[in-house]
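For reference, the structure discussed in these notes is given below.
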Amino acid sequence: MTTHQYDVAVVGAGTSGCYAAATVADAGYDVVVVERKDAEEAGHIACGDALKGASDFPEAIPKSQLEPAFTNTDVDHGRFEIPQEDTVLEIPVPGELAVIDRWEYGRCLIEGADEAGAEFHYDTVVQDVLQDDTGEVTGFEAIRKGDPVTYEADIVIDGAGALSLLQDKADFEDATFDTNVRYSQFCSAYREVVEVEDPVVWDDALVFKPTDRAAGYLWYFPRTDTEINVGLGFQMNEEPMELVDDLKADLENRAEFEGAKVKDKLGAALPTRRPYDSAVAPGYMAVGDAAAHVNPTTGGGIAGAAYAGQYAAEQAIEAIEDDRTDDESVLWEYNVNVMDHFGARYAALDVYNIFVTAQEVDDLMGLLASLPATNLAEALYSGSTNVGLGLKLKTAIESFGHWGLIYDLYRTKSLADRLLSHYEDYPDDPSGFAAWKRERDAIMDDIYETTGAEPKY
Ligand SMILES: Cc1cc2nc3c(=O)[nH]c(=O)nc-3n(C[C@H](O)[C@H](O)[C@H](O)COP(=O)(O)OP(=O)(O)OC[C@H]3O[C@@H](n4cnc5c(N)ncnc54)[C@H](O)[C@@H]3O)c2cc1C
């Protein structure tokens with residue numbers, strides 16, 4: 001059997017894997033990216049193609065390298081269609097937005113990591129994780145172009161996406177690594193890229209529409225004014241939806257899509273839960289979807305994956321330089337950086353996700369239609385929202401009939417704020433982790449009690 005040796009071995013040539021590999025290679029270390037797809041198909045990933053924070057990428061693969069894939073930089077707001085209330089809400093989205101050609105973006109990423117000096121092994125499917133008798137991950141086994149092959153590395157970075165096989169194979173019983181992961185914390189999503197005959201009028205907006213379920217939405221994201229990424233998803237703790245048929249039914253009712261041609265179809269699962277409590281184990285770090293670094297209310301995961309890749313790589317380098325890759329406390333800073341940058345916010349946003357799963361879709365849509373748009377935007381992107389007195393009065397008048405739900409939402413917001421502030425105190429090292437989790441679980445108990453939602457953790 002062939003054995004390869006590297007300082008760092010990354011699984012997955014997605015956003016997280018490419019940023020991790022480019023960062024490691026930039027620092028002069030040997031790094032391989034192992035990808036199950038072939039060189040042509042690599043980078044072709046099921047995605048809505050919407051990029052929030054399009055102005056901001058880690059330096060290892062700069063924005064200028066990715067820009068050729070930005071097909072629409074005119075999008076500047078969300079357009080929420082609420083047929084139940086015969087309403088359309090135009091909601092500003094803070095920060096820079098773009099819609100991209102996802103496959104082209106995937107190729108640009110790989111090119112960026114390749115130019116930095118990372119090696120790519122395509123057609124290579126990881127099948128098992130190697131651990132020594134102390135539990136440290138020392139590499140993995142794969143099938144490369146039909147032949148078994150072993151990879152040994154000081155650090156394995158798992159960028160294998162949602163429901164990563166590596167985590168099923170590894171034994172993390174004695175590690176801090178989060179193993180409380182179940183399918184019900186994921187969303188099943190499907191998208192098509194569709195060419196329409198005439199330009200759409202909403203080519204400057206990300207269009208959202210509720211599905212028949214509370215915990216799901218349909219999207220129409222304009223790559224150009226005639227090429228639209230259309231898709232939908234639902235939380236997997238609900239009865240399965242017929243994603244392909246439901247999308248088809250919606251498109252048939254929209255005049256803009258008459259005579260439209262489908263150019264591409266893909267589906268996948270994505271984590272719609274809080275980030276992993278800890279994404280490190282001796283010799284091992286998980287990044288991007290493999291550690292739930294996704295905004296659980298929007299499903300946006302590209303930005304989190306890019307930064308997680310960078311942070312994990314930086315910590316891997318430090319551990320290699322200290323010769324302490326087996327020590328979780330050396331890798332821990334990676335967890336801290338993730339929580340500090342976006343993890344705390346995503347954990348708080350998950351509270352709204354949990355709230356929504358316990359509500360009827362019509363009640364929620366009625367409420368949504370009556371709330372001030374700017375505050376919704378703030379809530380959606382910051383994990384918290386403030387409602388000033390003037391807006392409170394406006395909301396109170398317009399939302400008559402939804403006051404019970406508003407009160408529940410208000411109580412949920414207080415709990416989301418409490419959770420956010422707890423995540424802001426994420427421990428600096430593993431010694432405070434058990435106590436931090438106990439307190440977090442107590443807040444979650446209150447959240448489930450208040451929302452009446454089924455516990456998902
Ligand atoms: C339908 C859908 C729509 C989405 N829309 C958006 C959106 O509009 N905007 C946004 O920001 N985010 C969106 N997301 C989320 C976003 O796509 C992910 O968060 C992001 O791609 C995560 O990057 P990643 O590198 O962690 O994982 P991925 O991009 O999933 O990459 C994982 C890679 O690992 C490889 N791999 C997996 N297992 C193995 C194995 N055993 N051996 C070797 N290789 C392996 C895979 O082939 C893949 O190339 C969407 C997700 C879905 C499913």
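First listed ligand is number 1; within each ligand, the first listed atom is number 1. If you read the sequence from its start, that first residue is 1, and numbering goes on from there.
- For Val126, a nitrogen or oxygen atom sits less than 3.5 Å from a nitrogen or oxygen atom of ligand 1, counting backbone and side chain alike.
- Across Ala291, Gly301, Ala189, Cys187, heavy-atom proximity to atom 16 (C) of ligand 1 is greatest for Gly301.
- Regarding atom 49 (O) of ligand 1, its nearest protein heavy-atom neighbour is Glu35 OE1, 2.6 Å.
- Annotation: Trp219 places no N or O atom under 3.5 Å from an N or O atom of ligand 1; distance criterion only.
- When only interatomic distances are considered, the shortest N/O to N/O separation between Gly299 and ligand 1 falls below 3.5 Å.
- Under a 4.0 angstrom heavy-atom cut-off, Gln127 registers as lying outside contact with ligand 1.
- Salt bridge absent: Asp56 and Lys63 never bring a charged side-chain N and a carboxylate O closer than 4.0 Å.
- Remark: Glu90 engages Arg79 in a salt bridge, criterion side-chain N to carboxylate O under 4.0 Å.
- The N/O atoms of Tyr190, backbone and side chain alike, include none that comes under 3.5 Å of an N/O atom in ligand 1.
- For the salt bridge (charged side-chain N to carboxylate O under 4.0 Å, His left out) with Asp264, the qualifying choice from Arg223, Arg191, Arg102 is Arg191, the only one to do so.
- For the pair Arg274 and Tyr346, the cation-pi criterion (under 6.0 Å, within 45° of the ring axis) is not fulfilled.
- Annotation for ligand 1: atoms under 4.0 Å from non-hydrogen atoms of Gly300 are 10 (C), 11 (O), 12 (N).
- On a distance-only criterion, Arg191 and ligand 1 share no N/O pair closer than 3.5 Å.
- In summary, Asp350 and Lys456 engage in a salt bridge, as defined by a charged side-chain N under 4.0 Å from a carboxylate O.
- Taking only nitrogen or oxygen atoms, main chain and side chain alike, Ala162 does not reach within less than 3.5 Å of ligand 1.
- Annotation: Ala269 places no N or O atom under 3.5 Å from an N or O atom of ligand 1; distance criterion only.
- Ligand 1 is approached by Gly159 to a heavy-atom distance shorter than 4.0 Å.
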